[in-house]
*Asks:* 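I'd like to ask some things about the structure below.
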Amino acid sequence: MFSPKFDELVQALRTLPSVGPKSAQRMALNLVMKNKLQAEILANALHHAVNSIVTCQICHSLTEQDVCDICLAYDRDDGLLCVVESPADVLAIEQTGSFRGKYYVLGGHLSPLDGVGPEDIGIPSLMTRLKQGIVKEVILATNATVEGQATAHYLLEACKHLPLKLTRIAQGVPQGGELEYVDSHTLGQAMHHRLQFK
Ligand SMILES: [Zn+2]
């Protein structure tokens, strides 16, 4: 429109979730016209984040080290493991302040139609961790979507023979809802009133 570089910026912004063509244009105009210093800060933050943030070797959440602070925390319960779909869910649960265990991030959910099987979401390494015997309770906190429920059921079956307590968060999370969009109080209640599966 104004210049190829402006179009490039709009296209780059459009790849962000929930950003349509109009919003992308508005953001690009704001950055190049009114907010040049802020744009430099944003570009630097983006560059540093992309280059420094990696996946935790234990829980597969995000960190700047090999192992994240939650996995390293000595004052959190190693016997309580919360299985979630994404690092955004870890943030959402942490913001409730009601969970003092550890996490395992699947990085997605089972979706046979899209070719996503157990190996693609780290279930074999989760099973290896569970077989070590340190974890006493697994909280299945996958989303309340069809795929999230299917993933929880798959894990329930996979863990049946292990000496574990298995629970599923339930109350308060709306049907079809994604954890990252549920408010902290509701999610805190859902964690507190989790259902025992086994
Ligand atoms: Zn970790």
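Numbers for residues simply follow the sequence, beginning at 1. Keep in mind that what you see is a predicted model, and the values were worked out from it rather than measured.
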*Asks:* What heavy-atom pair brings Arg129 and Tyr103 nearest, and what distance separates the two atoms?
*Replies:*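 Taking Arg129 first and Tyr103 second, the nearest heavy atoms are NH1-O, 3.5 Å.
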
*Asks:* When you measure from the side chain of Arg14 to the backbone of Ala24, do you find a donor-acceptor pair of N or O atoms at a distance under 3.5 Å?
*Replies:*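 Such a contact is absent between Arg14 side chain and Ala24 backbone.
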
*Asks:* Are Leu162 and Tyr154 connected into the same hydrophobic cluster when the rule is that any two of I, L, V, M, F, W, Y join if their side-chain heavy atoms are below 4.5 Å apart?
*Replies:*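 Same cluster: Tyr154 reaches Leu162 through Ile, Leu, Val, Met, Phe, Trp or Tyr contacts under 4.5 Å.
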
*Asks:* With no hydrogens and no angle check, is any side-chain donor or acceptor of Thr151 less than 3.5 Å from a backbone partner on Glu147?
*Replies:*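 Yes.
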
*Asks:* Of all the heavy-atom pairs spanning Val54 and Gln65, show the shortest one and how long it is.
*Replies:*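 It is CG2-O, 3.5 Å.
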
*Asks:* Quick one: CG on Leu106 to CD on Glu85, what's the gap to the nearest 0.5 Å?
*Replies:*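 If I round to the nearest 0.5 Å, the distance is 7.0 Å.
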
*Asks:* Within this structure, what is the CD1-OG distance for the pair Ile53 and Ser61, rounded to the nearest 0.5 Å?
*Replies:*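 Interatomic distance, Ile53 CD1 to Ser61 OG, rounded to 0.5 Å: 10.0 Å.
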
*Asks:* Pairs under 3.5 angstrom only: tabulate donor-acceptor contacts from the side chains of residues 114-124 to other protein residues two or more places apart or in another chain.
*Replies:*
| unit_1 | atom_1 | unit_2 | atom_2 | d |
| --- | --- | --- | --- | --- |
| Asp114 | OD2 | Ser111 | OG | 2.7 |
| Asp120 | OD2 | Gly117 | N | 2.8 |

*Asks:* Decide whether Leu130 and Leu156 are clustered together by the hydrophobic rule: side chain heavy atoms of Ile, Leu, Val, Met, Phe, Trp, Tyr closer than 4.5 Å, transitively.
*Replies:*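 They do share one cluster, since a chain of ILVMFWY contacts under 4.5 Å joins Leu130 to Leu156.
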
*Asks:* Which atom pairs, donor and acceptor, lie under 3.5 Å between side-chain atoms of residues 72-83 and protein residues at least two apart or in another chain?
*Replies:*
| unit_1 | atom_1 | unit_2 | atom_2 | d |
| --- | --- | --- | --- | --- |
| Asp75 | OD2 | Arg100 | NH2 | 3.4 |
| Arg76 | NE | Gly101 | O | 2.7 |
| Arg76 | NH1 | Glu94 | OE1 | 3.1 |
| Arg76 | NH2 | Glu94 | OE2 | 2.8 |
| Arg76 | NH2 | Phe99 | O | 3.2 |
| Arg76 | NH2 | Gly101 | O | 3.0 |
| Asp77 | OD1 | Gly79 | N | 2.7 |
| Asp78 | OD1 | Lys102 | NZ | 2.7 |

*Asks:* When you group the ILVMFWY residues by side-chain heavy-atom contacts below 4.5 Å and let the links chain together, are Val67 and Leu62 in the same group?
*Replies:*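 Shared cluster, no.
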
*Asks:* Say whether, by atom type as modelled, one donor and one acceptor occur between the side chain of Asn30 and the main chain of Arg26 under 3.5 angstrom.
*Replies:*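 Not confirmed, Asn30 side chain does not pair with Arg26 backbone.
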
*Asks:* Cluster question for you: counting only ILVMFWY and a side-chain heavy-atom cut-off of under 4.5 Å, with indirect links fine, are Leu91 and Val105 together?
*Replies:*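 As far as the 4.5 Å side-chain criterion goes, Val105 and Leu91 are not connected within one cluster.
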
*Asks:* Quick check: does any side chain N or O of Lys22 sit under 3.5 Å from a backbone N or O of Val19, one acting as donor and the other as acceptor?
*Replies:*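 A pair under 3.5 Å: no.
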
